[in-house]
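Structure first, then comments.
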Amino acid sequence: LGHMTLLRSLCDNGFALWVDAGVSTVNQAQALIDLGVAKVIIGSETLQSPDHLVSLAAHLPANRIVLSVDLKERIFLAPAEFSAPADLLKLAADHHVDSVILLDLARVGAAAGPPLDLLTSLHQLFPALSLYAGGGVRDRSDLKALDEAGAAGALVATAFHRGVLSAADL
């Protein structure tokens, strides 16, 4: 959380930031919200237990929290109490967290395709949640497939940097 001045400046200049800063406490999240950050991302790999998520959800505005379901090569990174991403999403939905990023860290920058199968199955189980895909978006066809699977959006960086996607593709 060492870049507070930069974050405040960006927020003050109208940017609606989603910040993933390894937040694990209510105070850390609240400090970002107080700066004007639009959404604070809570990663499944930083959760200590189901009660940890429940506490964060109870003390923070639900519309300011985004849960990140963290994976690495399809391996779910979360406390052992969660046997699968669906368990975590059920708890999140039960506590009014309605935005979720499905992020496979191994796909970030790898042009390996987004976690489409996971997004499709979770969207069927939790149609009211806004699911975002992170990692692996290669091109416009991936964006179309995610849209058809029910994704609310996608995190895209490498495809923009490489010039495969442009703002017009969105």
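For clarity, every value in this text was computed on a predicted model and none was experimentally measured.
Between Leu102 and Pro85, every side-chain heavy-atom pair lies at or beyond the 4.5 Å cut-off. Leu88 is listed as a side-chain neighbour of Leu47, based on a closest heavy-atom distance under 4.5 Å. Residues Leu118 and Asp104 are not in side-chain contact: their nearest non-hydrogen atoms beyond the backbone lie 4.5 Å or more apart. Here the side chains of Val137 and Pro114 are in contact, with some heavy-atom distance below 4.5 Å. For the pair Asp20/Ile101, no side-chain contact is recorded, criterion being any heavy-atom separation below 4.5 Å from C-beta on. Leu71 has its side chain out of reach of Leu103: every pair of non-hydrogen atoms, C-beta onward, lies at least 4.5 Å apart. No side-chain heavy atom of Val97 sits less than 4.5 Å from a side-chain heavy atom of Ile42.
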Chi angles and distances behind the side chain to side chain contact (heavy atoms under 4.5 Å, CB included) call for Leu89, Leu125:
CA-CA 9 Å; Leu89 266 62; Leu125 292 171; over 6 Å; no

Do Val156 and Asp142 pass the side chain to side chain contact (heavy atoms under 4.5 Å, CB included) test, and can you show the C-alpha distance, the side-chain angles, and the key distance before you say yes or no?
CA-CA 11 Å; Val156 181; Asp142 281 342; over 6 Å; no

Evaluation steps, side chain to side chain donor-acceptor pair (under 3.5 Å), between Asp70 and Ser68:
CA-CA 6 Å; Asp70 300 327; Ser68 179; 2.6 Å; yes

Passes side chain to side chain donor-acceptor pair (under 3.5 Å), Ser49 versus Asp51? Steps please.
CA-CA 5 Å; Ser49 68; Asp51 289 340; 4.9 Å; no

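A donor-acceptor pair under 3.5 Å links the side-chain atoms of Asn13 to the main chain of Ser9, judged by distance alone. Remark: side-chain polar atoms of Asn27 are not paired, donor with acceptor, to backbone N or O of Gln30 under 3.5 angstrom. Judged by distance alone, with hydrogens and angles left aside, the side-chain atoms of Asp98 form no donor-acceptor pair with the main-chain N or O of Leu129 at under 3.5 Å. For His123 (side chain) and Leu119 (main-chain N/O), no donor-acceptor pair under 3.5 Å exists by modelled atom type. In this structure, Gln28 contributes its side chain and Ser24 its backbone to a donor-acceptor pair below 3.5 Å.
Atom CZ of Arg64 sits about 12.5 Å away from atom OG of Ser99, to the nearest 0.5 Å. Summarising the geometry, atom CE belonging to Met4 is positioned 5.0 Å from atom CG belonging to Leu35; distances are rounded to the nearest 0.5 Å. Rounded to the nearest 0.5 angstrom, Cys11 SG and Leu17 CG are separated by 4.5 Å. From Leu53, atom CG reaches atom CD1 of Ile65 across 7.5 Å, with rounding to the nearest 0.5 Å.
Legend: residues meeting side-chain hydrogen bond (donor to acceptor under 3.5 Å, both in side chains) with Lys144, ordered by chain and number and at least two apart, are absent.
Within a 6.0 Å sphere centred on CZ of Phe160, other residues, nucleotides and ligands contribute more than 12 heavy atoms. Heavy atoms of other residues, nucleotides or ligands lying less than 6.0 angstrom from NZ of Lys39 number more than 12.
In terms of heavy atoms, Tyr132 sits closest to Ala154 at CD2-N, 4.3 Å. What you find for Ala86 and Phe126 is that their closest heavy atoms are O-CZ, 3.5 Å. Of all non-hydrogen atoms in Pro115 and Gly134, the two that sit nearest each other are CD-O, 3.9 Å.
The cluster map of Ile, Leu, Val, Met, Phe, Trp and Tyr, joined by side-chain heavy atoms under 4.5 Å apart, puts Leu60 and Val54 in the same cluster. Leu143 and Leu116 fall within a single hydrophobic cluster, where Ile, Leu, Val, Met, Phe, Trp and Tyr are joined by side-chain heavy atoms under 4.5 Å apart, directly or via other members.
Paired with Val40 under the rule side chain to side chain contact (heavy atoms under 4.5 Å, CB included), one option of Val66, Leu56, Leu32 passes, and it is Leu32.
Applying the side-chain hydrogen bond (donor to acceptor under 3.5 Å, both in side chains) rule to pairs touching residues 110-121 yields Arg74-Asp117, sequence neighbours excluded.
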